Amino acid sequence: MDYLNNKYDVIVVGAGHAGCEAALSCARLGLKVLLATLNVENIALQPCNPAIGGPAKSTLVREIAALGGEMGEAADATYLQMKILNSSKGPAVRALRAQSDKKEYSNYMRDVIEKNENIYLRQACITDLIAKDGEITGAIDEFGIEYSVRAAVLTTGTSLSGRIFVGLKSYSAGRLGEQAAIGLSDSLRKLGINLKKLKTGTPPRVDKRTIDYSRMEIQPGDEVLNFYSFKPNRPVRKQYPCYLTRTNEETHKIIRANLDKSPMFQGLIQGVGPRYCPSIEDKVVRFKDNPSHHIFIEPEGLGTYEVYIQGFSSSLPADVQVKMLRTLPGLGKAYVIKPAYAVEYDYVPAVQTTHSLMSKQVKGLFFAGQINGTSGYEEAAAQGLIAGINAFNYLNGTEMLELSRSSSYTGTLIDDLVTKDIQDPYRMLTSRSEYRLLLRQDNADERLTPIGHKIGLVDDAQFERFKQKQENIKNEISRLREEKVPATEEVNGILAKYGEHIERGMRLAELLKRPNINYDVLKEIHQETKDLNIARDVYEQAEVMIKYEGYLKRQEFQVEQASKLDKFKIPENIDYMAIDHISTETKEKLSKIRPKTLAQASRIGGVKPADISVLMVMLEKHTIMK
């Protein structure tokens with residue numbers, strides 16, 4: 001490695017989940033990367049819940065894995081518990097969640113980064129960016145050291161001018177025990193970039209030796225393991241349980257009596273908090289008729305006594321937090337190691353970026369993660385991966401990777417960010433995707449691995465395994481559509497256990513479409529199916545494609561119809577204010593976001609179908625359609 005100069009291809013500012021993916025993707029594609037972080041001991045830290053995945057988020061992690069990213073590998077290597085959520089529901093909402101060993105996860109990712117010879121890790125606070133003629137050319141740290149770079153990816157998390165609140169007391173910090181990033185916000189403003197404030201929070205950490213688990217409900221992991229990575233030989237580790245307790249009227253009474261000490265309710269915090277992950281005091285106020293709220297007790301790692309109190313984030317004073325906690329069953333003698341806190345920080349509204357995550361104002365400047373207004377490790381990592389890939393594409397003059405809504409949750413996430421004016425921290429949900437049955441966690445590799453291989457992040461060995469898996473799925477679907485099961489007394493005796501009966505011989509695929517029948521039932525009634533011993537990831541996907549065939553075809557038709565609007569390309573230099581027959585409000589929104597296609601324009605909040613019709617006529621008139 002060449003340490004003798006300060007010249008790099010790209011600087012990645014921040015080494016959280018977005019920063020790690022951005023740095024690794026750039027480095028693996030051959031760029032010389034400076035990875036600057038406030039604290040090298042906190043690489044890929046999980047400052048909130050020590051877990052990867054969950055509803056919608058697990059699909060993001062599998063998409064990262066399919067494209068050649070690292071988060072799935074790290075989660076598989078360091079889990080304390082693996083569990084499929086919503087297992088009794090349809091495949092569109094099933095989700096894998098890994099409870100992680102927090103420190104082990106961080107160490108794993110640091111090891112991967114330090115072993116990459118193209119990554120230069122440095123503990124430094126970047127305070128200024130240098131641009132010339134509208135292009136990034138350098139960066140300066142807190143010590144005045146200047147770095148020559150050709151591109152920059154900002155992944156600052158909650159550190160950008162961060163301020164922590166515990167009760168009515170506050171101080172400058174990005175998160176507990178780590179300094180804030182001061183100076184960079186002013187530098188961005190000088191470059192013409194608008195910043196706003198958001199807020200998030202985290203629960204207290206409690207010493208597990210002071211918890212009475214016998215008063216709680218155990219939440220075990222799955223007996224049959226699932227993983228994020230598509231690579232073979234994933235580690236089988238011992239699983240550890242989580243526990244469930246609940247708030248009660250006494251808890252709520254203490255919270256209501258102390259709202260005057262809450263910085264959020266007293267107006268000290270201006271930033272908007274995450275709608276789908278509110279503080280416990282916010283829950284009590286907003287859902288006043290709810291007698292209790294679920295609280296999950298989760299281990300942070302094997303090398304610590306700290307446990308995470310999920311669902312109990314707060315910005316109330318530390319002494320009030322203790323009183324609240326000790327009203328919960330099992331936590332009557334709880335000792336708090338770290339208090340809960342809220343953090344307010346600067347972010348860059350992502351309508352100022354393109355779908356490549358590059359700034360519209362400054363070429364070579366990319367944003368990923370919470371700086372774009374999102375929440376969640378998985379959302380951050382997905383953006384970091386795309387930003388890193390596109391930093392490489394920018395420097396090499398190749399086409400940007402811009403994933404569509406119909407291709408992935410990652411594409412949906414980015415499209416929402418750059419098209420809609422997000423007002424609170426964005427969280428990926430299955431309901432955000434109109435194509436969620438097509439975009440399942442089980443088929444992420446089918447959708448994205450060919451792209452990852454073409455880019456160069458998925459190696460030939462993994463790609464060959466992928467192709468073989470797809471061929472096996474295709475063959476299994478064909479077999480299920482051809483082979484029959486007879487209507488014997490023995491077969492119907494087994495089917496009766498599942499509330500089913502057949503009058504005649506029936507093809508396996510036809511039987512599989514029945515609601516009460518799955519592939520395991522086919523193994524019971526059809527010896528040939530049992531003897532084949534097909535890999536689980538193969539038969540599970542084959543089952544989904546057969547059972548939900550009608551719904552899948554309907555969504556594919558929706559994608560086809562929506563793609564027609566994508567064919568209407570909008571010129572970059574169009575003057576929306578000069579267009580007649582659309583409202584001034586619509587003109588202003590279109591001018592601000594500058595959509596690339598009619599499809600994107602149609603997703604902008606407040607833009608009416610009539611406005612899209614006017615634009616379509618105008619584009620057709622000027623023959624700007626490909």
Side-chain angles (χ1 to χ4, degrees), residues 39 41-42 45-51 80-81 99-106 164-171 173-178 200-220 239-259 261-264 277-284 292-343:
N39 188 343
E41 305 302 323
N42 289 342
L45 184 68
Q46 296 172 335
C48 204
N49 58 318
L80 296 176
Q81 183 190 98
Q99 191 71 33
S100 296
D101 187 308
K102 181 175 177 175
K103 191 64 178 176
E104 193 179 357
Y105 184 100
S106 178
I164 278 180
F165 292 81
V166 180
L168 302 182
K169 295 182 179 180
S170 68
Y171 59 95
R175 50 198 177 200
L176 199 64
E178 187 168 285
T200 190
T202 188
R205 272 55 162 192
V206 168
D207 190 323
K208 68 180 182 182
R209 294 170 295 185
T210 64
I211 296 175
D212 181 1
Y213 290 107
S214 68
R215 299 193 61 198
M216 301 177 180
E217 296 176 28
I218 192 168
Q219 306 287 301
Q239 299 225 64
Y240 296 84
C242 298
Y243 293 85
L244 171 64
T245 187
R246 295 172 177 83
T247 64
N248 50 56
E249 183 51 39
E250 187 180 355
T251 318
H252 300 180
K253 183 179 178 180
I254 293 172
I255 290 171
R256 287 191 292 265
N258 287 278
L259 290 177
K261 302 180 183 69
S262 166
M264 182 175 66
C277 190
S279 65
I280 189 63
E281 53 263 37
D282 199 23
K283 289 179 190 176
V284 169
S292 70
H293 299 280
H294 286 181
I295 305 295
F296 290 92
I297 312 302
E298 303 175 345
E300 292 231 327
L302 299 181
T304 178
Y305 290 114
E306 287 182 51
V307 296
Y308 179 85
I309 314 299
Q310 190 200 132
F312 213 77
S313 65
S314 177
S315 58
L316 286 168
D319 60 332
V320 176
Q321 293 180 32
V322 174
K323 293 176 183 176
M324 292 155 50
L325 275 170
R326 290 180 178 174
T327 64
L328 306 183
L331 291 170
K333 297 180 180 179
Y335 177 78
V336 176
I337 296 175
K338 296 175 184 175
Y341 62 91
V343 57

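Values below: every heavy atom of this structure, side chains too, minus hydrogens, waters and symmetry copies. Quick caveat, the model's predicted, so the values are computed rather than measured.
- Distance alone, capped at 3.5 Å, places no donor-acceptor pair between the E281 side chain and the S314 backbone.
- Summarising the geometry, atom CZ belonging to F312 is positioned 9.0 Å from atom NZ belonging to K283; distances are rounded to the nearest 0.5 Å.
- The closest donor-acceptor contact from the side chain of T327 to the backbone of M324 lies under 3.5 Å.
- To the nearest 0.5 Å, atoms CD1 (I211) and NZ (K333) are separated by 13.5 Å.
- In this structure, CD1 in I255 is found 10.5 Å from CG in D282, a value given to the nearest 0.5 Å.
- Side-chain atoms of Q46 never come within 3.5 Å of backbone atoms of Y105 as a donor-acceptor pair (strictly under, hydrogens ignored).
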All N/O donor-acceptor pairs, side-chain side in residues 334-342, below 3.5 Å, sequence neighbours left out:
{"from": "K338", "atom 1": "NZ", "to": "E306", "atom 2": "OE1", "distance (Å)": "3.4"}
{"from": "Y341", "atom 1": "OH", "to": "L176", "atom 2": "N", "distance (Å)": "3.1"}

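- The salt bridge (Lys or Arg N to Asp or Glu O under 4.0 Å) contacts involving residues 314-329 comprise nothing, where partners must be two or more places apart or lie in separate chains.
- Here the shortest heavy-atom pairing between I218 and P241 reads CG1-CB, 3.7 Å.
- To the nearest 0.5 Å, atoms OH (Y213) and SG (C242) are separated by 9.5 Å.
- Counted by atom type alone, E298 and N49 present zero donor-acceptor pairs between their side chains at under 3.5 Å.
- If you run side-chain contact (heavy atoms from CB on, under 4.5 Å) between M216 and each of L244, L331, I295, only L331 comes through.
- Contact of the Y308 side chain with the T202 side chain is registered, since non-hydrogen atoms from C-beta on lie closer than 4.5 Å.
- Using a 4.5 Å heavy-atom cutoff, the side chains of S292 and N248 are not in contact.
- The only option from T247, I280, I309, T251 that meets the side-chain contact (heavy atoms from CB on, under 4.5 Å) definition with L325 turns out to be I309.
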Kindly indicate, with the supporting measurements, whether the criterion side-chain contact (heavy atoms from CB on, under 4.5 Å) is fulfilled by T304 and R205. CA-CA 11 Å; T304 178; R205 272 55 162 192; over 6 Å; no

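- Scanning all heavy atoms of the two residues, the minimum distance from C48 to G201 falls at SG-O, 3.8 Å.
- In this structure a side-chain-to-backbone donor-acceptor pair under 3.5 Å is present from Q81 to Y240.
- Between L45 and K102 the shortest side-chain heavy-atom distance falls below 4.5 Å.
- Remark: side-chain polar atoms of E178 are not paired, donor with acceptor, to backbone N or O of A173 under 3.5 angstrom.
- Note that the CD1 atom of I297 and the NZ atom of K208 stand 13.5 Å from one another [nearest 0.5 Å].
- For the pair H252 and H293, the minimum side-chain heavy-atom distance is below 4.5 Å.
- Q99 and P299 make their closest contact through NE2-O, 3.4 Å (heavy atoms, listed as atom of the first residue, atom of the second, distance).
- Residues passing the salt bridge (Lys or Arg N to Asp or Glu O under 4.0 Å) test with E217, sequence neighbours excluded: R246.
- In this structure, R256 contributes its side chain and I254 its backbone to no donor-acceptor pair below 3.5 Å.
- The two residues P203 and G311 have their closest heavy-atom pair at CG-N, 4.5 Å.
- In terms of heavy atoms, A318 sits closest to V166 at N-CG1, 3.9 Å.
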